[in-house]
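Any value given below was found using the heavy atoms of this structure, including those in side chains, with hydrogens, waters and symmetry copies removed. To find a chain, count down the sequence lines: A is the first, B the second, and so on, and within it residues start at 1.
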Protein chains: 2
Amino acid sequence: MALSSLAKTDADMVRAHNRLAVLDHLRRVGVTTRKAVSEATGLSVSAASAICGTLLRSGLLQEVEEEDDRSTRRGRPGKSLALRGGAARVAALKLAVGEITGRISDYSGAPLAEARREVDISGRSGERLVALLAELAEELIGQSADGRGHPSGGRLDKVVVAVQGKTHSDLSGIVWSPALKHWNIEIAGPLSERLSADVSVLNDCSLMPEAFRWRPDFIGLDFATLFVGFGVGMGLRISGATFQGKHSSAVEFGHINHIPHGALCRCGNRGCVEAYASDYAIWRSATGSDEIPAHRIPDDAMLQLAAAARQGDEPARAAFEAAGNAIGYGLGRVFTMIDPLPIVLTGSGARAIDLLEPAIRKGITESSVDGLGADAPLVIQEDTDALVFDAGTAYALAALDGEFARSAAEATEAA
Amino acid sequence: MALSSLAKTDADMVRAHNRLAVLDHLRRVGVTTRKAVSEATGLSVSAASAICGTLLRSGLLQEVEEEDDRSTRRGRPGKSLALRGGAARVAALKLAVGEITGRISDYSGAPLAEARREVDISGRSGERLVALLAELAEELIGQSADGRGHPSGGRLDKVVVAVQGKTHSDLSGIVWSPALKHWNIEIAGPLSERLSADVSVLNDCSLMPEAFRWRPDFIGLDFATLFVGFGVGMGLRISGATFQGKHSSAVEFGHINHIPHGALCRCGNRGCVEAYASDYAIWRSATGSDEIPAHRIPDDAMLQLAAAARQGDEPARAAFEAAGNAIGYGLGRVFTMIDPLPIVLTGSGARAIDLLEPAIRKGITESSVDGLGADAPLVIQEDTDALVFDAGTAYALAALDGEFARSAAEATEAA
DNA sequence: CCATTTTTTCCGAGGCTTGGAAAAAGTCTC
DNA sequence: GAGACTTTTTCCAAGCCTCGGAAAAAATGG
């Protein structure tokens, strides 16, 4: 094989590319017509129509009844087309400290079922962990069968596992996670065999930007997602691609050094952003300690701490300010390297944004050239689970679209 | 036009892509045969042969006499093909404090002439600056006409201006440069008119990775170029693309904050890497000052300072160590965000690498997770001018290749 | 000088897109 | 209510590029 720039065969690549363009357009707008496809993709009406026909015949698309009332328009009305939910099913699973959660969605992206299990997985072996994930997935399959008229026995087509912690860059498993004791746990292989579905394992934070892949207000936009909570993590979407490192699985924002020889971090280093901005860092700072708590700080404890800070508790206020300062300097450093970016904030930090934001913006001002980025838009997204599910689902669907576009294969079942 | 994912027309895109693959292959290996093109690109021999024929006819390629002695091989020998130097000419100009330099090269990448002018451009208006650049380019054209049998009167096809300082992201001109007093100087437009050639203006540091675009040992490799001298700058090549910011023109490595509220930097902020690692920072640190010198520290002064440090002068040694520490922490922060990367080091720092390296590696160890990247390969490239010329030339030629591949246009002159 | 080997050229076939014409399916007007 | 008008969809010939195989070309070996 040639390195990097390859040759293109007409038959395969062009067809795949154009089909993908059509599917991508549908992901964005939901419902279209052949004409609209032509306009959005730049394809000729003939080509757009032909491609839609093929996709319809292969079961990826379906004709839907238009319910619009634009009755004032003349001419032949376009037949409305949409993605056919039944063409595939994907699952997004999330593995965090103390719980495993998941959501199953159909090919159109509509959620079919969600489930949650509180389990202490820290001591579990790789096999037990895979079994737990498989059970959750099977529970989701069962739930999604009834009620919504979706096919029952069917298997999943794609599974994404989002993990708190560092994952292998080949998407095969976990290198290390705060939720686990063991290192290097292989997930994709055994889980894939168990569910007979393709499985990808990714870091939850680096995956998050995928949630906005088809959102109209984020199209073509570079931005970062920032998780501040149990740990501190970042996801980056740059020029239409979600950043995935080759060594580390993610932008390890939480472990960018803030102050040389500074506060002790879980990773063993000193002065990381996380050592100032994570839940445990804020907690220990407010309580005057400099040790790392043995257990995760509960959410309500953080809410109480925030409440105290708002009511004038000085150590608490100072702790949040120090956290914001570390985050701000971290962002300033990122902005200096990459570019000022809009930020989507989630995690417990999102619920204390009023306490953090002034210090964040001050930190950016002090650490970026000309204070560039100090006015970066900040979007708050409190529901982290929903964000991760959206992201995992989008990732899985995008991968499926690519496969479907490449192979002219028929969908899993007949129309 | 559609946003992001567009449709592809068979005629245009496939042809352009495959032609570019052929040209790219030639850039890497220099001389090939049709057969070798087929193997390297994955194209069928028929297609590869057809494309080579077209490129030959359009004057981009030429048949060359093979001088190899592989006389033991049987069968019809392949006709050797190479890029035809006369197909185009490009110039790489460099604008720095106190001097303007340039190199002109032919389409095959062979250098035809170099020139250098020492001028204090700090007070110059935009018009005068453009005039100076144009004069240098015309001098280069004149020099390249004689001697090498290249066409005389011809114009340049592409000009790249590499600038110390911040440039506009649309490649049109300079936002701010330490070499100039004025802000926002438009270059591309007027210079393009004067030379009737396409002109691009880029930051010198962000351009540098282009120098390695076709080097076999760098193919497909992610790496960073690091300039340590008058200022501190970085260029990044990630997954086959040279990083170009949308706001800032480059990875502003020199202005990534090292220590909050630290040493004063030229940019007005405090604690930037540059405020510890640049020539002026090392100089003032060694001399016990904390002011920014009004003028650039001469190269030989830095060499003397390095010599003093090597002979045991404690303040000098400590200054270089502090510089290495700041660079190391900066690299550690970058590695934590992106990935550990091989580094190509140039500038005056490259000549003092023995004084810097231990502190650099210690800094990386202290600031990256698990000390990852502390053993990153370090390549020293002392000749900064050559690096920038190589980079500008490669950038220009790559752009030309793209244009030639896209349009079936004949080359500038007949074979 | 002829067999063998390797590279290059030539030619028909296949696939996908394009542009225009024809058909289809509505609204509007008289 | 019928015909005119408008807009969307389908159909068909043409064009481009690639591919695969056959034929030609150019050198070595015996």
Side-chain angles (χ1 to χ4, degrees), chain A residues 2 6-22 31-58 61 63-81 405-408, chain B residues 2 6-22 31-58 61 63-81 405-408:
Chain A
L6 301 102
K8 244 174 202 168
T9 93
D10 171 49
D12 295 338
M13 297 302 260
V14 172
R15 177 165 41 79
H17 185 97
N18 289 340
R19 280 194 194 175
L20 189 58
V22 172
V31 178
T32 38
T33 64
R34 292 164 170 80
K35 183 81 191 308
V37 168
S38 162
E39 280 164 5
T41 60
L43 287 160
S44 68
V45 278
S46 348
S49 188
I51 293 173
C52 289
T54 310
L55 295 177
L56 271 166
R57 242 170 293 120
S58 68
L61 264 52
E63 295 188 350
V64 295
E65 295 310 311
E66 61 243 274
E67 51 208 281
D68 61 340
D69 48 358
R70 37 169 204 162
S71 51
T72 55
R73 296 196 42 190
R74 307 188 49 168
R76 175 175 175 173
K79 238 173 243 161
S80 295
L81 303 171
R406 233 166 288 132
S407 75
Chain B
L6 300 101
K8 245 174 200 167
T9 93
D10 170 51
D12 295 339
M13 296 302 259
V14 172
R15 177 164 41 81
H17 185 96
N18 288 340
R19 281 194 192 175
L20 190 57
V22 172
V31 178
T32 38
T33 64
R34 293 165 171 79
K35 184 80 191 309
V37 168
S38 162
E39 280 164 6
T41 60
L43 287 161
S44 69
V45 279
S46 350
S49 189
I51 292 173
C52 288
T54 311
L55 295 176
L56 272 166
R57 242 170 293 120
S58 67
L61 265 51
E63 296 188 350
V64 296
E65 295 310 310
E66 61 241 277
E67 50 207 281
D68 61 342
D69 48 0
R70 37 165 208 165
S71 52
T72 55
R73 297 196 40 190
R74 307 189 49 169
R76 174 175 175 173
K79 239 174 242 161
S80 295
L81 303 171
R406 232 166 289 132
S407 74

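In this structure the side chain of B:L55 reaches within 4.5 angstrom of the side chain of B:R19, judged on heavy atoms. Annotation: side chain of B:L81 is in contact with side chain of B:R34 (closest heavy-atom distance under 4.5 Å). Side-chain contact between B:K35 and B:V45: present, with at least one pair of heavy atoms (C-beta onward) separated by less than 4.5 Å.
The phosphate of D:dT10 has OP1 or OP2 within less than 4.0 Å of a side-chain N or O from A:R34. Between A:N18 and C:dC16 there is no side-chain N or O to OP1 or OP2 distance below 4.0 Å. At the phosphate of C:dC16, neither OP1 nor OP2 sits under 4.0 Å from any side-chain N or O atom of A:R19. Using a 4.0 Å cut-off, no side-chain N or O of A:R76 falls inside it from OP1 or OP2 of D:dT9.
In this structure, the CG atom of B:L56 is 14 Å from the C1' atom of C:dT9, given to the nearest Å. Atoms CD (A:E63) and P (C:dA25) sit 12 Å apart, rounded to a whole Å. Rounded to whole angstrom, the span from the NZ atom of B:K35 across to the C1' atom of D:dA25 amounts to 15 Å. The CE atom of B:M13 sits 18 Å away from the P atom of C:dC16 (whole-angstrom rounding). Between the CG atom of A:D12 and the C1' atom of C:dG14 there is a distance of 12 Å, given to the nearest Å.
With values rounded to the nearest 0.5 angstrom, A:R76 atom CZ is found 11.0 Å from A:T33 atom OG1.
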Interface polar pairs with nucleotides 1-5 of chain D, N/O, under 3.5 angstrom:
residue	atom	partner	partner atom	Å
D:dC5	O2	A:R74	NH2	3.1

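Contacts between residues 43-53 of chain A and DNA chain D, counted as heavy-atom distances below 4.0 Å, involve A:S46, A:S49.
Closest non-hydrogen pair, A:S80 versus A:V31, comes out as CB-CG1, 3.7 Å. Across all non-hydrogen atoms, the minimal contact from B:S38 to B:S44 is OG-C, 3.7 Å. Closest of all the heavy-atom pairs between B:C52 and B:L61 is O-CD2, 4.3 Å. Closest approach of A:V37 to A:T41, counting heavy atoms only: O-OG1, 2.7 Å.
Remark: A:K79 pairs with no residue by the salt bridge (charged side-chain N to carboxylate O under 4.0 Å, His left out) rule, at least two apart or across chains.
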